[in-house]
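What follows is a short report on a single structure.
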Amino acid sequence: MSERIDRETETSLHLFRVFSKAFKSVADHSAAGCKVEGFNPTDFAVIEMLHHKGPQPIQQIGAKLLLQSGNVTYVIDKLERNGLLRRHPCAKDRRVIFAELTDMGHEEMNAIFPKQAQTLRRAMSGLTLEEKEQAISLLKKLGIQAEKLSLVTKKGS
């Protein structure tokens, strides 16, 4: 490769920096909204997932939220102590433990989710509805291709 980076590579690097900064700004906005409601972003992500998707195997929560298993266990323990969720074994496989929100957990989410949704809407107000839809499509396309390349790299290792 030449000393000067080609335009495609330069643009890819610039996109990565812009994407990273934008993500951090929106994530910081979201985290501040969670803190106002008395949650850290990880706690909120877990209860939000359970609220919208129903009971989930604890082993899969971390993967779906991109969390390490130790963090998931800590968060589940804390939310259970606070009465927001409970664990129960899977009827078909005793090795699998589900986490599900309690009535109190659902009530809490019903109270705070609309505020958090508005916080995120405000954080993303720099884009029109059409631009948001376009960004979703482009980011999905980007993620799918990066994931395919990651799988190829892992198989080649």
Side-chain angles (χ1 to χ4, degrees), residues 15-154:
L15 173 59
F16 179 75
R17 288 189 297 271
V18 170
F19 173 74
S20 296
K21 287 179 183 178
F23 176 78
K24 184 179 180 332
S25 295
V26 172
D28 288 349
H29 207 75
S30 175
C34 290
K35 288 179 184 172
V36 165
E37 298 301 329
F39 291 96
N40 70 44
T42 305
D43 296 348
F44 184 83
V46 170
I47 62 173
E48 191 267 338
M49 171 194 258
L50 296 174
H51 183 69
H52 287 100
K53 296 193 178 274
Q56 298 290 310
I58 292 174
Q59 299 86 335
Q60 292 179 14
I61 292 173
K64 289 179 181 179
L65 297 176
L66 306 177
L67 302 171
Q68 294 181 352
S69 63
N71 290 349
V72 173
T73 302
Y74 172 77
V75 169
I76 297 289
D77 287 346
K78 184 169 61 167
L79 294 172
E80 187 174 38
R81 272 193 314 274
N82 292 335
L84 299 173
L85 66 76
R86 68 178 150 263
R87 297 173 192 191
H88 64 86
C90 175
K92 296 178 182 174
D93 185 347
R94 293 184 317 190
R95 296 170 296 175
V96 177
I97 304 295
F98 280 84
E100 70 176 319
L101 289 186
T102 60
D103 290 343
M104 183 175 149
H106 282 291
E107 289 171 15
E108 187 76 20
M109 273 307 290
N110 286 334
I112 65 173
F113 185 76
K115 296 176 204 170
Q116 186 64 6
Q118 287 305 311
T119 296
L120 287 173
R121 180 180 178 167
R122 198 168 44 256
M124 297 195 191
S125 64
L127 298 177
T128 66
L129 176 61
E130 292 78 20
E131 290 169 332
K132 288 174 193 171
E133 290 169 347
Q134 183 179 18
I136 289 166
S137 176
L138 291 171
L139 289 170
K140 279 184 179 180
K141 182 178 178 180
L142 180 65
I144 288 167
Q145 178 62 16
E147 191 172 326
K148 283 180 188 174
L149 293 173
S150 177
L151 293 173
V152 168
T153 303
K154 286 178 185 175

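Position 1 is the first residue of the sequence, and the numbers go up from there.
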For the pair Ser125 (side chain) and Arg122 (backbone), establish whether a donor and an acceptor sit closer than 3.5 Å, ignoring hydrogens and angles.
-> yes

Which heavy-atom pair separates Pro41 from Ala31 by the least distance, and what is that distance?
-> CG-CB, 3.5 Å

Taking all heavy atoms of Ser30 and all of Leu120, pick out the closest pair and write down the distance.
-> CB-CD2, 3.6 Å

Quick one: pull up OG1 in Thr73 and CD in Gln59 and give me the separation to the nearest 0.5 Å.
-> 9.0 Å

How long is the span from the CG atom in Leu101 to the CE atom in Met49, to the nearest 0.5 Å?
-> 11.5 Å

Taking every non-hydrogen atom, the tightest pair across Asp43 and Asn40 | N-OD1, 2.7 Å

Side chain proximity check, Thr42 to Tyr74, heavy atoms < 4.5 angstrom = no

Val72 to Gly62 - nearest heavy-atom pair and separation | CG2-CA, 3.3 Å

Passes side chain to side chain contact (heavy atoms under 4.5 Å, CB included), Leu142 versus Phe19? Steps please.
-> CA-CA 11 Å; Leu142 180 65; Phe19 173 74; 5.6 Å; no

Just by distance, do the side chain of Ser150 and the backbone of Ala146 share a donor-acceptor pair under 3.5 Å?
-> no

Does a side-chain N-to-carboxylate-O contact under 4.0 Å join Lys24 and Asp28?
-> yes

Phe98 to Pro55 - nearest heavy-atom pair and separation | CD2-C, 3.9 Å

Do Met109 and Leu84 come within less than 4.5 Å of each other through their side chains, counting heavy atoms only?
-> no

Taking everything shown except Arg17 itself, do over 12 heavy atoms lie less than 6.0 Å from its CZ?
-> yes

Tell me, do Gln56 and Leu65 make a side-chain contact under 4.5 Å, heavy atoms counted?
-> no

May I ask you to test the Leu50-Leu79 pair for a side-chain heavy-atom distance under 4.5 Å?
-> no

Here the gap from Ile76 atom CD1 to Arg86 atom CZ, rounded to the nearest 0.5 Å, amounts to 13.0 Å

For the residue pair Ile97 and Pro89, what are the closest heavy atoms and their distance?
-> CD1-CA, 4.0 Å

For the residue pair Glu37 and Phe44, establish whether any side-chain heavy-atom pair is separated by less than 4.5 Å.
-> no

Taken to the nearest 0.5 Å, the spacing of Asn82 CG from Phe39 CZ works out to 8.0 Å

What is the distance from atom CZ of Arg121 to atom NE2 of His29, rounded to the nearest 0.5 Å?
-> 12.5 Å

Could you point out which residue of Glu108, His106, Glu100 forms a side chain to side chain contact (heavy atoms under 4.5 Å, CB included) with His51?
-> His106

Starting at CD of Glu130, measure out to NZ of Lys132 and round the result to the nearest 0.5 Å.
-> 10.0 Å

Is a side-chain donor or acceptor of Ser25 paired with a backbone partner of Lys21 at a separation under 3.5 angstrom?
-> yes

